[in-house]
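All remarks here apply to the structure that follows.
Being a predicted model, the structure only gives us computed values, none of them experimental.
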Amino acid sequence: MKSSITLDIFNENGASLGKKRFYTTLDNRESINKWIKQYDDKAVTEMSYMCNPSPDFQHNSQLYISQKKGIEHFNFFKLFKNNLIVGAVYFSVRHCIKATWINDRDQFLAPNKKWEKDTEFQNDCLAFMLFHGQNRITCKEGVNHFIPFSEKDIDAQEAFESHFMQDFLQGKIKQDSKSTDSKSLFNDELESTFIPTKPLEFSDEAKEVLQAGKELFKHYHKQTRDSKDYNANAALYDIKAHFQGFNDKGKMNLPQKAQDEAYKERLSALNYALKNLAKKIEVKVYEYAFLLP
(Lines give C-alpha, C1' and ligand atoms only; values in the text may rest on other atoms or scores of the structure.)
Protein backbone atom coordinates (compact mmCIF):
# COMPACT_ATOMS: atom_id res chain seq x y z
CA MET A 1 0.00 0.00 0.00
CA LYS A 2 1.36 3.42 -0.94
CA SER A 3 1.90 5.86 1.91
CA SER A 4 1.19 8.85 -0.36
CA ILE A 5 -0.46 9.74 -3.64
CA THR A 6 0.68 12.60 -5.88
CA LEU A 7 -1.87 14.27 -8.16
CA ASP A 8 -1.80 17.08 -10.69
CA ILE A 9 -3.63 20.29 -9.69
CA PHE A 10 -5.54 22.54 -12.08
CA ASN A 11 -7.54 25.71 -11.56
CA GLU A 12 -11.06 26.33 -12.84
CA ASN A 13 -9.65 27.35 -16.23
CA GLY A 14 -7.63 24.19 -16.64
CA ALA A 15 -4.27 25.84 -16.00
CA SER A 16 -1.76 23.69 -14.14
CA LEU A 17 -1.00 24.64 -10.53
CA GLY A 18 1.62 21.95 -10.04
CA LYS A 19 1.30 18.79 -8.01
CA LYS A 20 -0.11 17.93 -4.61
CA ARG A 21 0.85 14.99 -2.43
CA PHE A 22 -1.82 13.38 -0.27
CA TYR A 23 -0.77 11.04 2.51
CA THR A 24 -2.71 7.85 3.01
CA THR A 25 -1.05 7.30 6.37
CA LEU A 26 0.88 9.53 8.75
CA ASP A 27 2.80 6.55 10.16
CA ASN A 28 1.23 6.96 13.58
CA ARG A 29 2.67 10.46 13.93
CA GLU A 30 1.22 12.48 16.80
CA SER A 31 -0.63 15.72 16.05
CA ILE A 32 0.79 19.10 16.97
CA ASN A 33 -2.01 19.45 19.53
CA LYS A 34 -0.95 16.34 21.39
CA TRP A 35 2.67 17.46 21.20
CA ILE A 36 2.08 20.84 22.81
CA LYS A 37 0.24 19.34 25.77
CA GLN A 38 3.54 18.19 27.27
CA TYR A 39 4.37 21.85 27.87
CA ASP A 40 1.17 22.62 29.75
CA ASP A 41 1.10 23.16 33.49
CA LYS A 42 -2.24 23.47 35.27
CA ALA A 43 -0.64 24.82 38.45
CA VAL A 44 0.74 28.06 37.05
CA THR A 45 -0.85 31.46 36.69
CA GLU A 46 -1.23 32.15 33.01
CA MET A 47 -0.43 35.42 31.25
CA SER A 48 -2.79 34.59 28.42
CA TYR A 49 -4.52 31.78 26.61
CA MET A 50 -3.99 30.34 23.18
CA CYS A 51 -6.85 28.63 21.43
CA ASN A 52 -5.60 25.46 19.75
CA PRO A 53 -8.36 24.09 17.50
CA SER A 54 -8.18 21.02 15.25
CA PRO A 55 -4.67 20.76 13.77
CA ASP A 56 -5.35 21.48 10.10
CA PHE A 57 -5.40 24.54 7.89
CA GLN A 58 -9.18 24.86 7.72
CA HIS A 59 -9.28 25.59 11.47
CA ASN A 60 -6.35 28.03 11.61
CA SER A 61 -8.69 31.03 11.60
CA GLN A 62 -9.82 29.87 15.05
CA LEU A 63 -6.29 29.97 16.46
CA TYR A 64 -5.52 33.14 18.44
CA ILE A 65 -4.13 34.36 21.75
CA SER A 66 -6.08 36.42 24.28
CA GLN A 67 -6.29 37.05 28.00
CA LYS A 68 -9.50 35.11 28.40
CA LYS A 69 -10.84 31.84 27.14
CA GLY A 70 -13.26 32.35 24.28
CA ILE A 71 -16.82 31.08 24.22
CA GLU A 72 -15.95 28.55 21.53
CA HIS A 73 -15.77 24.90 22.47
CA PHE A 74 -12.08 24.56 21.68
CA ASN A 75 -9.07 23.55 23.70
CA PHE A 76 -7.14 26.40 25.29
CA PHE A 77 -3.47 26.33 26.19
CA LYS A 78 -2.08 28.44 29.03
CA LEU A 79 0.80 30.71 28.06
CA PHE A 80 3.28 31.58 30.79
CA LYS A 81 7.01 32.18 31.03
CA ASN A 82 8.10 28.55 30.81
CA ASN A 83 6.20 27.74 27.62
CA LEU A 84 5.93 31.12 25.88
CA ILE A 85 8.49 30.14 23.24
CA VAL A 86 6.78 26.80 22.61
CA GLY A 87 3.43 28.56 22.27
CA ALA A 88 4.96 31.01 19.80
CA VAL A 89 6.33 28.12 17.74
CA TYR A 90 2.92 26.43 17.68
CA PHE A 91 1.18 29.69 16.75
CA SER A 92 3.66 30.62 14.04
CA VAL A 93 4.02 27.31 12.22
CA ARG A 94 0.24 27.20 11.88
CA HIS A 95 -0.14 30.82 10.73
CA CYS A 96 2.92 31.39 8.55
CA ILE A 97 1.45 29.56 5.54
CA LYS A 98 -1.76 30.83 3.98
CA ALA A 99 -4.70 28.42 4.00
CA THR A 100 -5.96 27.49 0.53
CA TRP A 101 -8.34 24.98 -0.97
CA ILE A 102 -5.29 22.88 -1.82
CA ASN A 103 -3.82 22.56 1.68
CA ASP A 104 -7.19 22.82 3.48
CA ARG A 105 -7.01 19.40 5.17
CA ASP A 106 -3.23 19.10 5.66
CA GLN A 107 -2.43 18.03 9.22
CA PHE A 108 0.07 19.74 11.52
CA LEU A 109 2.20 17.18 13.32
CA ALA A 110 4.52 16.77 16.28
CA PRO A 111 7.96 17.94 15.09
CA ASN A 112 11.34 16.28 15.21
CA LYS A 113 13.80 17.40 17.88
CA LYS A 114 15.88 19.72 15.71
CA TRP A 115 13.74 22.80 16.43
CA GLU A 116 14.71 22.71 20.11
CA LYS A 117 18.27 23.86 19.34
CA ASP A 118 17.32 26.47 16.75
CA THR A 119 17.04 29.61 18.85
CA GLU A 120 16.80 31.88 15.80
CA PHE A 121 13.74 29.95 14.64
CA GLN A 122 12.23 30.19 18.13
CA ASN A 123 12.88 33.93 18.30
CA ASP A 124 11.47 34.41 14.79
CA CYS A 125 8.29 32.70 15.95
CA LEU A 126 8.01 34.90 19.03
CA ALA A 127 8.35 38.09 16.97
CA PHE A 128 5.82 36.75 14.47
CA MET A 129 3.26 35.94 17.19
CA LEU A 130 3.65 39.29 18.94
CA PHE A 131 2.63 41.26 15.85
CA HIS A 132 0.31 38.87 14.02
CA GLY A 133 -3.34 39.80 13.50
CA GLN A 134 -4.48 36.83 15.59
CA ASN A 135 -2.82 38.35 18.64
CA ARG A 136 -5.97 39.58 20.40
CA ILE A 137 -4.36 40.63 23.67
CA THR A 138 -6.08 43.80 24.87
CA CYS A 139 -5.52 46.02 27.89
CA LYS A 140 -9.30 46.12 28.31
CA GLU A 141 -9.35 42.52 29.53
CA GLY A 142 -6.56 42.72 32.07
CA VAL A 143 -2.87 43.43 32.37
CA ASN A 144 -1.10 43.50 29.02
CA HIS A 145 2.11 41.47 29.41
CA PHE A 146 2.90 41.56 25.68
CA ILE A 147 4.50 44.97 25.11
CA PRO A 148 8.00 44.17 23.79
CA PHE A 149 9.25 47.75 24.16
CA SER A 150 10.20 50.13 26.94
CA GLU A 151 8.26 53.30 27.62
CA LYS A 152 11.15 55.31 26.16
CA ASP A 153 11.22 53.18 22.98
CA ILE A 154 7.69 54.19 22.02
CA ASP A 155 7.38 57.55 23.80
CA ALA A 156 4.75 56.31 26.25
CA GLN A 157 3.53 58.99 28.65
CA GLU A 158 2.99 56.66 31.61
CA ALA A 159 4.65 53.58 33.06
CA PHE A 160 3.42 50.19 31.86
CA GLU A 161 1.61 47.89 34.25
CA SER A 162 3.85 45.04 33.10
CA HIS A 163 7.40 44.88 31.76
CA PHE A 164 7.32 41.12 31.35
CA MET A 165 7.84 40.93 27.60
CA GLN A 166 10.61 43.50 27.57
CA ASP A 167 12.36 41.62 30.39
CA PHE A 168 11.79 38.30 28.63
CA LEU A 169 13.45 39.58 25.45
CA GLN A 170 16.38 40.82 27.53
CA GLY A 171 16.83 37.49 29.32
CA LYS A 172 15.91 38.97 32.69
CA ILE A 173 13.09 36.60 33.69
CA LYS A 174 13.93 34.44 36.70
CA GLN A 175 13.58 30.70 36.36
CA ASP A 176 11.69 28.59 38.86
CA SER A 177 13.69 25.85 40.50
CA LYS A 178 10.79 23.40 40.19
CA SER A 179 7.14 23.33 39.33
CA THR A 180 4.92 23.10 42.40
CA ASP A 181 2.66 20.65 40.63
CA SER A 182 3.85 17.05 41.05
CA LYS A 183 1.73 16.03 38.09
CA SER A 184 3.32 18.60 35.82
CA LEU A 185 4.72 17.25 32.59
CA PHE A 186 7.55 19.76 32.79
CA ASN A 187 10.93 18.56 33.93
CA ASP A 188 13.83 20.78 34.98
CA GLU A 189 15.43 20.57 31.56
CA LEU A 190 12.28 21.74 29.77
CA GLU A 191 11.73 24.57 32.22
CA SER A 192 15.22 25.97 31.76
CA THR A 193 15.47 25.43 28.02
CA PHE A 194 12.92 27.97 26.87
CA ILE A 195 13.42 30.82 29.36
CA PRO A 196 16.22 32.94 27.90
CA THR A 197 19.12 33.81 30.17
CA LYS A 198 20.56 36.43 27.82
CA PRO A 199 19.08 38.92 25.35
CA LEU A 200 17.36 37.28 22.41
CA GLU A 201 19.11 37.57 19.06
CA PHE A 202 16.76 38.12 16.14
CA SER A 203 17.14 37.48 12.44
CA ASP A 204 17.09 40.41 10.04
CA GLU A 205 13.51 39.55 9.10
CA ALA A 206 12.40 39.52 12.74
CA LYS A 207 14.22 42.80 13.37
CA GLU A 208 12.20 44.36 10.55
CA VAL A 209 8.99 43.21 12.21
CA LEU A 210 10.05 44.60 15.58
CA GLN A 211 11.06 47.93 14.04
CA ALA A 212 7.81 48.23 12.08
CA GLY A 213 5.89 47.35 15.21
CA LYS A 214 7.77 49.98 17.19
CA GLU A 215 6.88 52.66 14.65
CA LEU A 216 3.21 51.68 14.86
CA PHE A 217 3.23 51.85 18.66
CA LYS A 218 5.06 55.19 18.61
CA HIS A 219 2.47 56.63 16.25
CA TYR A 220 -0.35 55.59 18.56
CA HIS A 221 1.28 57.21 21.59
CA LYS A 222 2.06 60.38 19.66
CA GLN A 223 -1.46 60.74 18.27
CA THR A 224 -3.42 59.87 21.42
CA ARG A 225 -1.29 61.09 24.33
CA ASP A 226 -3.59 64.09 24.92
CA SER A 227 -6.80 62.14 24.35
CA LYS A 228 -9.09 61.01 27.17
CA ASP A 229 -8.98 57.55 25.61
CA TYR A 230 -5.19 57.32 25.83
CA ASN A 231 -3.90 54.16 27.50
CA ALA A 232 -0.16 53.64 27.90
CA ASN A 233 -0.77 49.89 28.15
CA ALA A 234 -2.40 49.63 24.73
CA ALA A 235 -1.76 46.36 22.91
CA LEU A 236 -1.49 45.87 19.17
CA TYR A 237 -5.20 44.98 19.07
CA ASP A 238 -6.09 48.15 20.98
CA ILE A 239 -4.08 50.28 18.58
CA LYS A 240 -5.83 48.77 15.58
CA ALA A 241 -9.20 49.25 17.27
CA HIS A 242 -8.43 52.90 17.99
CA PHE A 243 -7.66 53.77 14.38
CA GLN A 244 -10.02 51.39 12.57
CA GLY A 245 -13.08 51.37 14.81
CA PHE A 246 -15.86 48.80 14.74
CA ASN A 247 -18.96 48.30 12.62
CA ASP A 248 -22.51 48.07 13.94
CA LYS A 249 -22.06 44.32 14.49
CA GLY A 250 -19.08 44.83 16.76
CA LYS A 251 -16.51 43.61 14.25
CA MET A 252 -13.35 45.63 13.74
CA ASN A 253 -13.35 47.59 10.50
CA LEU A 254 -10.80 46.88 7.81
CA PRO A 255 -7.67 49.09 7.80
CA GLN A 256 -8.99 50.90 4.73
CA LYS A 257 -11.64 52.46 6.98
CA ALA A 258 -9.02 54.22 9.07
CA GLN A 259 -8.84 57.99 8.58
CA ASP A 260 -5.21 58.30 9.64
CA GLU A 261 -3.01 57.81 6.57
CA ALA A 262 0.18 57.61 8.61
CA TYR A 263 -1.33 54.75 10.60
CA LYS A 264 -2.21 52.88 7.43
CA GLU A 265 1.32 53.32 6.11
CA ARG A 266 2.84 51.96 9.30
CA LEU A 267 0.43 49.05 9.45
CA SER A 268 1.19 48.23 5.82
CA ALA A 269 4.92 48.25 6.59
CA LEU A 270 4.32 45.89 9.53
CA ASN A 271 2.26 43.49 7.44
CA TYR A 272 4.91 43.48 4.72
CA ALA A 273 7.59 42.63 7.27
CA LEU A 274 5.40 39.88 8.72
CA LYS A 275 5.01 38.31 5.27
CA ASN A 276 8.77 38.21 4.81
CA LEU A 277 9.24 36.67 8.24
CA ALA A 278 6.50 34.12 7.49
CA LYS A 279 8.41 32.95 4.41
CA LYS A 280 11.50 32.39 6.55
CA ILE A 281 9.56 30.42 9.16
CA GLU A 282 7.82 28.35 6.46
CA VAL A 283 11.09 26.71 5.44
CA LYS A 284 11.60 25.45 8.98
CA VAL A 285 8.03 24.15 9.19
CA TYR A 286 8.95 21.44 6.70
CA GLU A 287 12.54 20.98 7.91
CA TYR A 288 11.31 20.22 11.43
CA ALA A 289 8.39 18.12 10.11
CA PHE A 290 5.51 20.17 11.50
CA LEU A 291 4.07 19.48 8.03
CA LEU A 292 4.91 16.77 5.54
CA PRO A 293 6.07 18.08 2.13
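Remark: the backbone N or O of His242 is not paired with any side-chain donor or acceptor of Gln244 at under 3.5 angstrom. With Asn123 contributing its side chain and Thr119 its backbone, the two residues share a donor-acceptor pair below 3.5 Å. Judged by distance alone, with hydrogens and angles left aside, the side-chain atoms of Asn253 form no donor-acceptor pair with the main-chain N or O of Lys257 at under 3.5 Å. Judged purely by atom type and a 3.5 angstrom limit, Thr138 uses its side chain to pair as donor or acceptor with the backbone of Lys140. Of the possible donor and acceptor atoms, none in the side chain of Asp167 sits under 3.5 Å from a partner among the backbone N and O of Ser162. In this structure a side-chain-to-backbone donor-acceptor pair under 3.5 Å is present from Gln67 to Val143. No donor-acceptor distance shorter than 3.5 angstrom exists from the side chain of Asp124 to the backbone of Phe121, with no hydrogens or angles considered. No donor-acceptor pair under 3.5 Å is formed between the side chain of Asn52 and the backbone N or O of Asn33. A donor-acceptor pair is defined here as one N or O able to donate and one able to accept, closer than 3.5 Å; such a pair exists between the side chain of Asn83 and the backbone of Tyr39. A donor-acceptor pair under 3.5 Å links the side-chain atoms of Arg29 to the main chain of Ala289, judged by distance alone.
By the 6.0 Å and 45° rule, Arg136 stacks over the aromatic ring of Tyr64.
Here the OG-OH distance, from Ser227 to Tyr220, works out to 7.5 Å after rounding to the nearest 0.5 Å. A distance of 10.5 Å separates CG of Asp260 from OG1 of Thr224, quoted to the nearest 0.5 Å. The distance from atom CD of Gln107 to atom CG of Leu292, rounded to the nearest 0.5 Å, is 10.0 Å. Rounded to the nearest 0.5 Å, atoms NZ (Lys249) and NZ (Lys251) are 9.0 Å apart. Interatomic distance, Lys207 NZ to Lys214 NZ, rounded to the nearest 0.5 Å: 12.0 Å. How far CG of Asp155 is from NZ of Lys218: 5.5 Å, rounded to the nearest 0.5 Å.
Summarising the geometry of Tyr230 relative to Gln157, their closest heavy-atom pair is OH-N, 2.9 Å, with the distance given to 0.1 Å. Listed here is the closest heavy atom pair of Ile36 and Val86: CG1-CG1, 4.1 Å. Annotation for Pro55 and Ser31: closest pair CG-CB, 4.0 Å, computed over non-hydrogen atoms. Among all heavy-atom pairs drawn from Ile147 and Phe217, the shortest one is CG2-CE2, 4.5 Å. Contact detail for Glu205 and Asn276: the closest heavy-atom pair is CG-O, 4.3 Å. Considering every non-hydrogen atom in both Ile239 and Ala234, the closest pair reads CG1-CB, 4.2 Å.
Here the side chains of Glu151 and His163 are in contact, with some heavy-atom distance below 4.5 Å. Looking at heavy atoms from C-beta onward, Cys96 lies in side-chain contact with Val285 at the 4.5 angstrom threshold. In this structure, Lys78 and Asp41 have side chains that are not in contact, with every pair of non-hydrogen atoms separated by 4.5 Å or more. You'll find the side chain of Leu270 reaches within 4.5 Å of the side chain of Leu236, heavy atoms only. Contact check for Phe77 versus Cys51: no side-chain heavy atoms found under the 4.5 Å cut-off. A 4.5 Å side-chain heavy-atom check between Ser203 and Lys280 finds at least one atom pair inside the cut-off. Within the 4.5 Å cutoff, no side-chain heavy atoms of Gln122 are placed close to those of Ser92. A heavy-atom distance below 4.5 Å is found between the side chains of Ile173 and Phe164.
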Quiz item: Step by step, would you call Leu274 with Phe128 a side-chain contact (heavy atoms from CB on, under 4.5 Å)?
Solution: CA-CA 7 Å; Leu274 280 168; Phe128 185 80; 3.9 Å; yes
Quiz item: Given the rule in the side-chain contact (heavy atoms from CB on, under 4.5 Å) test, do Leu126 and Leu169 qualify, once you have shown the distances and angles that lead to the verdict?
Solution: CA-CA 10 Å; Leu126 180 56; Leu169 298 186; 3.7 Å; yes
Practice problem: Start with the C-alpha distance between Glu282 and Lys279, add both sets of side-chain angles, then the distance that settles salt bridge (charged side-chain N to carboxylate O under 4.0 Å, His left out), and finish with yes or no. | Solution: CA-CA 5 Å; Glu282 179 180 353; Lys279 293 176 182 178; over 6 Å; no
Self-check item: side chain to side chain donor-acceptor pair (under 3.5 Å) evaluation trace for Gln223 with Tyr263
Solution: CA-CA 10 Å; Gln223 294 300 109; Tyr263 162 75; over 6 Å; no
Exercise. Please report the C-alpha distance between Phe76 and Met50 in whole Å, then the side-chain angles of each, then the deciding distance to 0.1 Å, and finally whether the side-chain contact (heavy atoms from CB on, under 4.5 Å) criterion is met.
Key: CA-CA 5 Å; Phe76 282 85; Met50 179 172 64; over 6 Å; no
Quiz item: For Leu84 and Phe168, what are the C-alpha separation, side-chain angles and deciding distance, and is it a side-chain contact (heavy atoms from CB on, under 4.5 Å)?
Solution: CA-CA 10 Å; Leu84 179 63; Phe168 188 89; 3.9 Å; yes
Quiz item: Can you list the steps and then say if His145 with Glu161 is a side chain to side chain donor-acceptor pair (under 3.5 Å)?
Solution: CA-CA 8 Å; His145 298 288; Glu161 292 179 335; over 6 Å; no
Quiz item: What's the verdict on side chain to side chain donor-acceptor pair (under 3.5 Å) for Asn271 and Ser268, showing C-alpha distance, side-chain angles and the deciding distance?
Solution: CA-CA 5 Å; Asn271 289 336; Ser268 178; over 6 Å; no
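With hydrogens and angles left out, the side-chain atoms of His132 and Asn135 include no donor and acceptor closer than 3.5 Å. Side-chain contact annotation: Asp118 with Tyr288, donor-acceptor N/O pair under 3.5 Å present. The closest side-chain donor-acceptor pair between Gln211 and Glu215 falls under 3.5 angstrom. The closest side-chain donor-acceptor pair between Glu208 and Tyr272, if any, does not fall under 3.5 angstrom.
Considering Tyr90, Phe57, Phe290, Tyr286 as possible partners of Phe108, the one that fulfils the ring-ring contact (aromatic ring centres under 6.0 Å, His included) test is Phe57. Of the residues His95, Met129, Gln62, the one that meets the side-chain contact (heavy atoms from CB on, under 4.5 Å) test with Gln134 is His95.
In the hydrophobic clustering of ILVMFWY residues, with side-chain heavy atoms under 4.5 Å counting as a link, Phe131 and Tyr237 come out apart.
Counting non-hydrogen atoms of other residues, nucleotides and ligands closer than 6.0 Å to CZ of Phe246 gives a total above 12. When the shell of 6.0 Å around CD of Glu201 is examined, it contains 12 or fewer heavy atoms from other residues, nucleotides or ligands.
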